[in-house]
Amino acid sequence: MAKEIVSRSENYSQWYNDLVVKADLAENSAVRGCMVIKPYGYAIWEKIQAQLDKMFKDTGHVNAYFPLFIPKSFFSKEASHVEGFAKECAVVTHYRLKNSPDGKGVIVDETAKLEEELIVRPTSETIIWNTYKGWIQSYRDLPILINQWANVVRWEMRTRLFLRTAEFLWQEGHTAHATSEEAIEETKKMLDIYAEFAENYMGIPVLKGRKSPNERFAGAIDTYCIEALMQDGKALQAGTSHFLGQNFAKAFDVKFLNQEGKLDFVWATSWGVSTRLMGALIMAHSDDNGLVLPPKLAPIQVVIIPIYKGKEQLGDVAVKAEEIKKELLKRGISVKYDDRDTHKPGFKFAEYELKGVPVRLALGQRDIENNTIEVARRDTLEKVTVPINDVVNYIATLLDEIQENIYKKAFDFRQKNTIEVNTWDQFLEAIEKGGFIAAHWDGTTETEEKIKELTKATIRCIPLDSGFEKGNCVYSGKSSDQRVIFARAY
RNA sequence: CGGGGUGUAGCGUAGUCCGGUCAGCGCGCCUGGUUUGGGACCAGGAGGUCGCAAGUUCGAAUCUUGCCACCCCGACCA
């Protein structure tokens, strides 16, 4: 199975597609816009889930599960929310099939029409706030800090594996608070968790910021996000955290008695990351040889490949390999010993490179004699031979080093591709090159939309950590107090 | 949803204009043997309602119509 992928320079999006399919992460399914996540891809997602889940729980959140279906009437209760999602909702109208009169298959039974149509959730705010109404009477019932791991459906026109699919997996946190301050604090706390996860586990540097009103979540007062830069210079929104104010509490009439005995509406947040993170992971680090996975999320961290001539040599090598495997496992490092005799070593080397396994060990007769082993790292493709007795320690350190190196590489790339511009001409030039553009913006939706129309660039975020700076809008010339980040985005 | 393109074995493709010895090739797959420090080699073998459905015709991968899927570009979006 000679699996070739097209190079990034030749065709970036083809490279991405090739990679997803050939590294066995996912494939298109029989259902338009929906993907099958294959075991290797799902294993990465499970690692993402496990870590995030731990971080959520460490900050006081608990998991629960709400229904896939949402009564249509719930949707119309929050005006901007409906408006935002109406165009991409799948709707269930019937609950029964019957045999077709012509004998060819089954048809919808028209007599089984639902009294009220059900929406397949594109997000769960409405069903959750309808539920919270029954749970909250007093400030003593607050806060509610719930997360759910679920699938959602958004009927997208154009889909791409992981980046945009009609059905996707995600987590959505939905919290309820007694005060605005507390809810805002929660919104920012979760944004910080996302950023920490992206940087420390995925190895992807992210910009934390706030969305412009135009890019805000439907129904939110404020949307915060983390934005990552991909190797082709396009931005990718990797996570969002919303301060919902009292919008949903008002829409679903969720009130509580505060300590002064006065009725008030509850304050809300919601926050989520999805399988889109897989797309970010792939595009941030991988190269023309295939995936490059950060050790902390790699399903297999180390692969051992035996090199041998004849069965008796394999025996010697196998003993040593199993020994090393056991030692690595003891250290909590995941290992695969690949002794398939149906493929040659060179084939396996290429295969594990394609799959992004961070460290590869090659062990042969020559090594047994010299008490050495060959260690190859995926991120730099460097190979070294180390004494076999040191290999476990060596690998433990190396995995950390790879994790760091991957992040550093991505960080340097972002630095190199983030540019401050002050004139419209500079802006036009910069946007063609790709990357993040820090420019002044007059704060109006009209300007934002005009820029989008002219350049396809959108405001990715208004960075949280960049300070006040007097300047003039790059497009309109009107005065501005802060630079914002523009980019073309996924 | 609009514009463009593609659909032939698991994958990549030739053939389609000009209907009839056109169902071929490469990779992969299976069996046996030799191999094994960067994608092995030899020999033999299996596998296809030519995307689906109607139609034209003595005859359709090839012509007509409709549908479906995928890719690229736009509008939408995590």
Side-chain angles (χ1 to χ4, degrees), chain A residues 1-6 11-14 16-18 21-22 27-35 83-89 104 122-123 151-172 194 211 214-218 223 225-228 235-242 270-280 289-290 305-311 313-314 317 339-354 360-370 372-374 376 381 383 385 449 452-453 456 458 489-490:
Chain A
M1 23 181 204
K3 289 180 177 169
E4 299 290 335
I5 55 176
V6 80
N11 185 341
Y12 190 86
S13 61
Q14 185 64 43
Y16 174 83
N17 291 340
D18 281 0
V21 171
K22 292 187 174 159
E27 64 187 36
N28 280 308
S29 71
V31 186
R32 180 200 192 103
C34 296
M35 64 179 162
E83 204 190 319
F85 287 106
K87 301 182 297 285
E88 48 188 31
C89 285
K104 292 180 192 161
T123 178
N151 59 337
V152 287
V153 169
R154 295 180 187 176
W155 215 260
E156 299 291 347
M157 292 162 188
R158 268 183 76 193
T159 59
R160 287 191 73 190
L161 293 170
F162 290 119
L163 296 173
R164 189 178 302 112
T165 46
E167 179 192 19
F168 57 94
L169 305 184
W170 77 345
Q171 59 65 219
E172 45 180 328
Y194 288 155
K211 284 292 185 191
N214 204 32
E215 298 268 329
R216 226 176 249 157
F217 174 75
T223 287
C225 63
I226 51 170
E227 289 286 328
L236 187 133
Q237 180 176 307
T240 50
S241 183
H242 316 290
S270 69
W271 28 273
V273 297
S274 72
T275 35
R276 186 179 233 205
L277 287 180
M278 296 283 296
N289 294 317
I305 295 171
I307 316 272
Y308 57 94
K309 292 188 173 69
K311 289 273 149 55
Q313 275 196 10
L314 177 60
V317 170
D339 63 349
R340 285 176 299 171
D341 192 40
T342 49
H343 298 277
K344 298 212 350 168
F347 177 91
K348 295 176 186 175
F349 291 177
E351 186 176 41
Y352 291 108
E353 265 162 27
L354 180 60
R360 180 189 73 225
L361 303 178
L363 184 65
Q365 190 64 33
R366 208 164 69 204
D367 296 300
I368 303 281
E369 279 158 19
N370 301 334
T372 58
I373 189 163
E374 185 189 85
L381 298 171
K383 289 192 274 199
T385 299
E449 282 182 340
K452 184 178 177 184
E453 185 192 318
K456 292 181 207 149
T458 51
Y490 275 99

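Proteins come first, then strands; the chains are lettered A, B, ... in the order of their sequence lines, and each starts at number 1. Note that this is a predicted model, so its numbers are computed, not measured.
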Nearest listed nucleotide, side chain of A:Ile307, among B:rC71, B:rG37, B:rC29 | B:rG37
Nearest-Å distance for atom pair CD/C1', residues A:Glu27 and B:rA69 = 14 Å
Which value, in whole Å, describes the distance between the C1' atoms of nucleotides B:rU13 and B:rG28?
-> 14 Å
Donor-acceptor pair, A:Tyr16 side chain versus A:Leu161 backbone, under 3.5 Å?
-> yes
If you restrict it to nitrogen or oxygen atoms, what contacts under 3.5 Å exist between nucleotides 3-5 of chain B and the protein, and what is each distance?
none

Round to the nearest Å and state the distance from A:His343 atom NE2 to B:rG37 atom P.
-> 15 Å
Is the phosphate of B:rG37, meaning OP1 or OP2, less than 4.0 Å from a side-chain N or O of A:Lys344?
-> yes
Using the P atoms only, state how far B:rG24 lies from B:rG48, rounded to an integer number of Å.
-> 12 Å
Between B:rC50 and B:rU62, how far apart are the C1' atoms? Round to whole Å, please.
-> 10 Å
Taking the side chain of A:Asp341 as its heavy atoms from C-beta onward, which of B:rU36, B:rC29, B:rG39 lies nearest to it?
-> B:rU36
A:Gln313 side chain vs A:Lys309 backbone, donor-acceptor pair below 3.5 Å | yes
When the nearest nucleotide of RNA chain B is assigned to A:Thr342 and to A:Lys309 on a heavy-atom basis, which residue is associated with the more 5' position?
-> A:Lys309
Who pairs with A:Gln171 by side-chain hydrogen bond (donor to acceptor under 3.5 Å, both in side chains), at least two apart in sequence or on another chain?
-> A:Asn147, A:Tyr194
Any residue meeting side-chain contact (heavy atoms from CB on, under 4.5 Å) with A:Ala228, in chain and number order, not counting sequence neighbours = A:Ile204, A:Val206, A:Met230
Expressed as a whole number of Å, how far does the P atom of B:rU64 sit from that of B:rG44?
-> 42 Å
Crowding at CD, A:Glu83 (>12 non-hydrogen neighbours, <6.0 Å) = no
A:Ser274: what forms a side-chain contact (heavy atoms from CB on, under 4.5 Å) with it, not counting sequence neighbours?
-> A:Phe168, A:Trp170, A:Arg276
Provide the distance between the two C1' atoms, one in B:rG51 and one in B:rU8, to the nearest whole Å.
-> 10 Å
With rounding to whole Å, what would you report as the distance between B:rC17 and B:rC73 at their C1' atoms?
-> 27 Å
Summarise protein proximity over nucleotides 72-78 of chain B in one line of letters, 5' to 3': B for base, S for sugar-phosphate only, - for none, counting protein heavy atoms closer than 4.0 Å.
-> SBBBBBB
Contacts of A:Arg154 meeting side-chain hydrogen bond (donor to acceptor under 3.5 Å, both in side chains) (sequence neighbours excluded), chain-then-number -> none
Picking from B:rG39, B:rC70, B:rG38, which would you name as closest to the side chain of A:Asn28?
-> B:rC70
Distance between C1' atoms of B:rA69 and B:rU35 (Å, rounded) | 43 Å
C1' spacing across the pair B:rU36 / B:rA78, given as an integer number of angstrom | 47 Å
Which residues share a side-chain hydrogen bond (donor to acceptor under 3.5 Å, both in side chains) with A:Glu88, sequence neighbours left out = none
A:Gly279 near the nucleic acid: base, sugar-phosphate alone, or nothing, with a heavy-atom cut-off under 4.0 Å?
-> nothing
Round to a whole Å and report the spacing from CZ of A:Arg366 to C1' of B:rG38.
-> 12 Å
Taking Watson-Crick and G-U wobble pairs with both distances under 3.5 Å, convert RNA chain B into its dot-bracket string, 5' to 3', dots for unpaired and | for cross-strand pairs.
-> ((((((((.[[[[.)....(...]]]].((((((.....)))))).....[[[[[..)....]]]]])))))))....
A:Asp18 CG - B:rC11 P separation (whole Å) = 14 Å
Base of B:rG37 paired with side chain of A:Lys348 (donor-acceptor, under 3.5 Å) = no
Contact class for A:Glu353 vs. all strands (heavy atom < 4.0 Å): base, sugar-phosphate, or nothing?
-> base
Establish, yes or no, whether a centroid distance under 6.0 Å links the rings of A:Phe85 and A:Phe217.
-> yes
What is the distance, rounded to the nearest whole Å, between atom CD1 of A:Ile5 and atom C1' of B:rG39?
-> 13 Å
Considering residues at least two apart in sequence or located in another chain, which fulfil the side-chain contact (heavy atoms from CB on, under 4.5 Å) criterion with A:Asn370?
-> A:Arg366, A:Thr372
What residues, two or more places apart in sequence or in another chain, satisfy side-chain contact (heavy atoms from CB on, under 4.5 Å) together with A:Glu167?
-> A:Cys34, A:Asn151, A:Val153
Measure the distance from CZ on A:Phe347 to P on B:rG38 and round it to the nearest whole Å.
-> 15 Å
Report the distance from atom CZ of A:Arg340 to atom C1' of B:rU36, rounded to the nearest whole Å.
-> 14 Å
How would you list, by chain and number, every residue that makes a side-chain hydrogen bond (donor to acceptor under 3.5 Å, both in side chains) with A:Glu374, sequence neighbours excluded?
-> none
Does A:Tyr490 have any ring-ring contact (aromatic ring centres under 6.0 Å, His included) partners at least two apart in sequence or in another chain, and if so, which?
-> none
